[in-house]
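Count residues from 1 along the sequence.
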Amino acid sequence: MLVTGTGQPHPAAEEKFALAPADPETTVALLVLTVPLGVLSLVGVAVGVSDPAELPGFFVVLCGIVLMTVLLMAVFFAFTPAAYILDAQGIRITRRLVRPVFVPYALVKNVATQRFAGPPFAIVRLGSYPPWGLFGYFGRFKVERLGWIRVYATSWKNEMVVLETDREPYFLSPAEPQRFCDALRTRLCGTAA
């Protein structure tokens with residue numbers, strides 16, 4: 001990272017910000033998906049002991065369920081945000097296995113921090129589902145009183161950074177929201193000048 005004579009990061013240098021720790025609901029979501037698979041496996045063993053002829057059919061069904069669950073988890077993992085990067089042109093929201101989301105500084109009209117009780121109840125979800133966020137929250141949501149929002153976050157427990165843009169607000173959850181806001185405001189002032 002380049003540093004100016006005042007000890008502040010140079011606005012052209014890239015700054016990377018970690019995400020807030022995931023909400024405990026993520027663990028619950030993983031358990032909701034994996035515990036039934038364990039129970040089904042035990043049922044299969046019981047079926048195999050009582051009637052060995054039924055065992056191959058059961059294993060086909062169990063393998064199908066496991067495959068669907070693994071694919072679902074892989075998709076959620078791929079789209080989950082991994083970091084926020086401020087560079088010379090804008091905010092890059094990196095994701096685990098797919099290309100990043102880019103928000104140019106020119107689109108950002110305001111930056112604020114806000115605390116929420118939890119994920120807002122979404123009427124329409126075009127992102128992570130179920131509502132408790134598997135690995136995190138991502139995608140486009142239509143929410144009462146807020147309209148369409150974009151969420152790239154791992155937690156609703158701490159303060160969130162809300163980027164107001166020409167299109168729709170972005171909700172982010174950096175580990176250090178105030179430091180992220182300060183760095184972003186510095187860059188926004190630099191682009192306006």
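Taking hydrophobic clusters as Ile, Leu, Val, Met, Phe, Trp and Tyr residues chained together by side-chain heavy-atom distances below 4.5 Å, L97 shares a cluster with I93. The cluster map of Ile, Leu, Val, Met, Phe, Trp and Tyr, joined by side-chain heavy atoms under 4.5 Å apart, puts V98 and L19 in the same cluster.
Using a 4.5 Å heavy-atom threshold, the side chains of V103 and Y170 count as touching. For the pair F141 and F171, the minimum side-chain heavy-atom distance is 4.5 Å or more. Within the 4.5 Å cutoff, the side chain of F180 has no heavy atoms near those of the E15 side chain. A heavy-atom distance below 4.5 Å is not found between the side chains of T186 and L184. F102 is not listed as a side-chain neighbour of I91, based on a closest heavy-atom distance of 4.5 Å or more.
Summarising the geometry, atom OG1 belonging to T94 is positioned 14.0 Å from atom CZ belonging to R99; distances are rounded to the nearest 0.5 Å. One finds the CG atom of L188 at 8.5 Å from the CG atom of L163 (value rounded to the nearest 0.5 Å). The distance from the CE atom of M160 to the CZ atom of R115 is 11.5 Å, given to the nearest 0.5 Å.
Other members of the hydrophobic cluster containing L71, listed by chain and number, are L67; membership follows side-chain contacts under 4.5 Å among ILVMFWY residues, whether direct or relayed.
When all heavy atoms of L172 and A153 are compared, the pair lying nearest together is C-CB, 4.4 Å.
Checked by atom type and distance alone, the side chain of T165 never pairs as donor or acceptor with a backbone atom of V108 at under 3.5 Å. Of the possible polar contacts, one joining the R187 side chain to the D87 backbone as a donor-acceptor pair under 3.5 Å is found.
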What side-chain donor-acceptor pairs closer than 3.5 Å can you find for residues 75-85, not counting sequence neighbours?
| from | atom 1 | to | atom 2 | distance (Å) |
| --- | --- | --- | --- | --- |
| T80 | OG1 | F76 | O | 2.5 |
| Y84 | OH | Y152 | O | 2.4 |
| Y84 | OH | S173 | N | 2.8 |

I'd like to know whether W156 forms a side chain to side chain contact (heavy atoms under 4.5 Å, CB included) with V151, so could you lay out the CA-CA distance, the side-chain angles of the two residues, the decisive distance to 0.1 Å, and finally the verdict. CA-CA 11 Å; W156 290 92; V151 179; 4.1 Å; yes
Check against side chain to side chain contact (heavy atoms under 4.5 Å, CB included), Q89 and Y105: CA-CA 6 Å; Q89 289 81 34; Y105 293 134; 5.6 Å; no
Please evaluate residues V101 and F138 with respect to the criterion side chain to side chain contact (heavy atoms under 4.5 Å, CB included), reporting the C-alpha separation (whole Å), side-chain torsions for both, the decisive distance (0.1 Å), and the verdict. CA-CA 11 Å; V101 173; F138 61 88; over 6 Å; no
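Among residues two or more places apart in sequence or in another chain, the side-chain contact (heavy atoms from CB on, under 4.5 Å) test is passed with P21 by none. Annotation: salt bridge (Lys or Arg N to Asp or Glu O under 4.0 Å) contacts of R150 (sequence neighbours excluded): E168. Q178 meets the side-chain contact (heavy atoms from CB on, under 4.5 Å) test with T113, C181, D182, R185; sequence neighbours excluded.
Applying the salt bridge (Lys or Arg N to Asp or Glu O under 4.0 Å) test to every pair with at least one member in residues 105-114, sequence neighbours left out, gives these pairs: K109-D166.
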